[in-house]
S.K.: 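Below: one structure in structure tokens.
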Amino acid sequence: MSGDIATRTAFGEALVRLGETNQRIVALDGDVAGSVMTADFGKAHPDRYFQCGIAEANMIGVASGLAMSGHIPFVASFACFITGRFDQIRMSVGYNRSNVRVVGTHVGVGIGSDGHSQMGLEDIALMRTIPNMAVIQPATGIETQGAVDYLVDHVGPAYLRLTRQKLPELFGDDYHFEFGKGRVLREGTEIALVATGATVTEALQAADLLEGQGVSTAVVNIHTIHPIDGDLLADIAGRTRRIVTIEDHSVNGGLGGAVCEALAERHPAPVLRLGIHGFGESGDPAELYERFGISARQIAIQAASFLESAAEVALIAEGSV
Amino acid sequence: MPATLTQTNDVEELADIARRIRVLSLLMTSRVKPEPAGHPSTAMSSADIIAALHFSRLRWDPANAGWEDRDRFVLSKGHGVPVLYAAYAIAGAIPEDEIYTLRETGSRLQGHPDPTRLPFVEAATGSLGQGISIAIGLALGAKADGANWRTYCMLGDGETEEGQVWEAAMFAPKYDTDNLCAIVDNNRIQQTGSVEHILPTLNPIIPKWEAFGWHMIEVDGHDIQAVLDALDEAAATKGKPTVIVAHTIKGKGVPEMENSEHWHGKAPSPEQADEWIKEYLS
């Protein structure tokens, strides 16, 4: 196990490493390289690094043109700023089938003190409406390295969602990133906590709290949100019958939305969606996770309450009450 | 140069190709079902420039859209795409009859360019302001590879009201993209009126491009020799990208359409189109 690392940092390290051997990789920056961790790539490979200034719309189009001429562009900025140029991503990247890797960092309330204007809270919802856009959110440094390795060869556009804050490592060096596949991190029979990115760690801790109360709890890591692993979700819903989704993103349209869509069509089950309601705000990341209901403690409390209400609904449906 | 494309320096021959481009633009847009649709007037303002490029200076292969060493042409003003479909039909890149599938369900000739269906168009455009950035990316890609193909990009003057165009204008000279030539089809009319009326301070447009560091050439966009000379000057210019500001007349070739705000984004009926073709373009 490695130490705590922000997934944006793991991305920056992976990019430098991959750039050594793959001359087709290029990076574009909108004057935030120190924050999105592409500065080291720029130093190592100045001829393959394009500083575009604070002009994201143009930067996205330039990345698309570079992809059309056979390069592998990683275009990184804060998630809210880059996916805010949705029309450019929709047209210049998505519709053009350009092999652009859009990288959005500083996602969710987990960025802390900067407050709402800098928090990527709608990016998953936006990106997964683009038909060919892969949406990936790794949960740890090692998973990030695996995702970036994978993205070099991925055919089509992709969006990579990364944290500002450090996250504990959950995987070993033998970790293998499998695009499109969710992973059961912990088996359980009564409820499944389905999480992505930073909330995977919270979900694992919540599962400990729930187990302490005698609730057998599964935890699923969804790193690929689009296309989502419907097979795994249908299977886990069949086994646990209760699903809780947890994400540091708007409660609407993100992981929770994707999970509900998949289950409604394949294996309907009660789903509790935990995510950000309303606008974000400044604060300490841990306090904000508590305040917005996505900390381990809040997940456990809401999951337990959901189990009770779901049990009631089931009893009513059976005519027992 | 691929054998399948006949290039010429004969201005009269190019003028006749431009005339045929106008004819086909009127024919294809007037025959769209269930009602005439598309932008023939903007295709007609750019017809002489497209003739000069696609039949004289642009290196491309009507038999092989994917030819690696081809010059790239990005139509940033994607709504003007009938002008390209007409040029492709004349060059034999697509069957001439195919123009009548414009905007039909399942057609390669989408209402705005789609390279997945028709690779000759190079880039999907139609959300204004985006093609110029893609063109810069292509030019940077060629430079990084030491390739000698050039990138051309045509914008509408109304399109340059988009902020992204000026992000792009600011950016391209930084990387000495002398393999890039932007062409502004300066026809002075947009959907709801004249450019002068919509945004009076867009003009003067020329000093804006120059201030960002572009080599600027101003031409009459209907003077084919002047357009050819401008394209040659752009190709010979080192160290900076070139913008050709081509003064044009919207709807050029049909007096009823010329400079008419009424004919932006509107196609004539088949009868009207046939009458105009007979009267002005035969």
Side-chain angles (χ1 to χ4, degrees), chain A residues 19 22-31 45-75 77 81-82 84-102 130-132 155-157, chain B residues 66 68-74 76 78 110 112-117 119 121-147 149-153 155 162-177 179-180 212:
Chain A
N22 190 326
Q23 303 299 313
R24 309 307 294 170
I25 294 175
V26 300
L28 297 90
D29 181 39
D31 194 32
H45 312 290
D47 53 329
R48 289 185 273 139
Y49 179 72
F50 301 97
Q51 177 54 262
C52 301
I54 310 168
E56 293 83 4
N58 176 62
M59 177 168 72
I60 292 163
V62 171
S64 181
L66 281 162
M68 288 178 189
S69 59
H71 296 83
I72 305 169
F74 284 80
V75 53
S77 184
F81 305 143
I82 199 152
R85 274 63 182 179
F86 179 71
D87 183 18
Q88 281 72 24
I89 298 176
R90 168 186 184 267
M91 275 296 302
S92 290
V93 177
Y95 189 36
N96 271 297
R97 280 79 166 174
S98 281
N99 280 337
V100 174
R101 286 80 185 89
V102 179
I130 298 172
N132 53 352
V155 177
Chain B
E68 265 188 38
D69 293 329
R70 72 190 182 280
D71 291 336
R72 271 63 165 177
F73 178 84
V74 175
S76 200
Q110 293 286 297
H112 295 75
D114 178 357
T116 305
R117 293 168 192 260
V121 296
E122 214 67 65
T125 52
S127 179
L128 295 175
Q130 297 192 27
I132 180 66
S133 300
I134 293 174
I136 295 169
L138 284 164
L140 288 177
K143 263 188 135 31
D145 289 343
W149 48 266
R150 294 178 57 75
T151 301
Y152 296 90
C153 176
L155 305 106
E162 287 281 3
Q164 183 174 347
V165 171
W166 301 107
E167 291 183 6
M170 204 183 329
F171 174 74
K174 176 182 176 186
Y175 288 98
D176 304 338
T177 44
N179 55 351
L180 172 68
F212 281 124

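Computation of the quantities below employed the complete heavy-atom set of this structure, encompassing side-chain atoms and omitting hydrogens, waters and symmetry-equivalent molecules. This structure is a prediction, so every number in the text was calculated from the model and none was measured. Chain A is the first sequence line, chain B the second, and so forth, proteins listed ahead of strands; every chain is numbered from 1.
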S.K.: At a heavy-atom separation under 4.5 Å, does W166(B) approach chain A through its side chain, its backbone, both, or neither?
M.R.: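 Nothing of W166(B), per the 4.5 Å heavy-atom cut-off to chain A.
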S.K.: Counting only non-hydrogen atoms closer than 4.5 Å, does S127(B) touch chain A with its backbone (N, CA, C, O), its side chain (CB onward), both, or neither?
M.R.: both
S.K.: Under 4.5 Å between any side-chain heavy atoms of I136(B) and N58(A), yes or no?
M.R.: yes
S.K.: Would K143(B) and D47(A) count as a salt bridge (Lys or Arg N to Asp or Glu O under 4.0 Å) if you check the C-alpha gap in whole Å, the side-chain angles of each, and the deciding distance to 0.1 Å?
M.R.: CA-CA 11 Å; K143(B) 263 188 135 31; D47(A) 53 329; over 6 Å; no
S.K.: Closest approach of M68(A) and L138(B), non-hydrogen atoms and distance?
M.R.: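 Minimum heavy-atom separation between M68(A) and L138(B): CB-CD2, 3.7 Å.
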S.K.: Check Y175(B) against F50(A) and note the closest heavy-atom contact, atom names and distance.
M.R.: OH-CA, 3.3 Å
S.K.: Taking atom CZ as the centre, does R90(A) end up with more than 12 heavy-atom neighbours from other residues, nucleotides or ligands that are less than 6.0 angstrom away?
M.R.: no
S.K.: Under 4.5 Å from any heavy atom of chain A, what part of T125(B) do you find: side chain, backbone, both or neither?
M.R.: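 For T125(B), the contact with chain A is made by the backbone alone.
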S.K.: With a 3.5 Å distance limit and no angle check, can you tell me whether N96(A) reaches the backbone of A124(B) through a side-chain donor-acceptor pair?
M.R.: yes
S.K.: Using modelled atom types only, decide if a donor and an acceptor are shared between the side chain of K174(B) and the backbone of Q51(A) within a distance under 3.5 Å.
M.R.: yes
S.K.: Could you check whether any side-chain heavy atom of I134(B) comes within less than 4.5 Å of a side-chain heavy atom of Q88(A), counting everything from C-beta outward?
M.R.: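 I134(B) vs Q88(A): side chains apart.
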S.K.: Identify which of V74(B), D114(B), I132(B) forms the greatest number of heavy-atom pairs closer than 4.5 Å to chain A.
M.R.: D114(B)
S.K.: Testing the basics here: between G141(B) and H71(A), what is the closest heavy-atom pair and its distance to 0.1 Å?
M.R.: O-CE1, 3.4 Å
S.K.: Kindly compute the distance separating CD (Q130(B)) from OH (Y95(A)), expressed to the nearest 0.5 Å.
M.R.: 12.5 Å
S.K.: Which bit of E122(B) is near chain A, if near means a heavy-atom gap under 4.5 Å: side chain, backbone, both or neither?
M.R.: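 Interface part for E122(B): backbone (N, CA, C, O).
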S.K.: Please find the pair of heavy atoms, one from S69(A) and one from G137(B), that lie closest to each other, and give the distance.
M.R.: OG-O, 4.2 Å
S.K.: Can you tell me how far CE of M59(A) sits from CD of E167(B), rounded to the nearest 0.5 angstrom?
M.R.: 9.5 Å
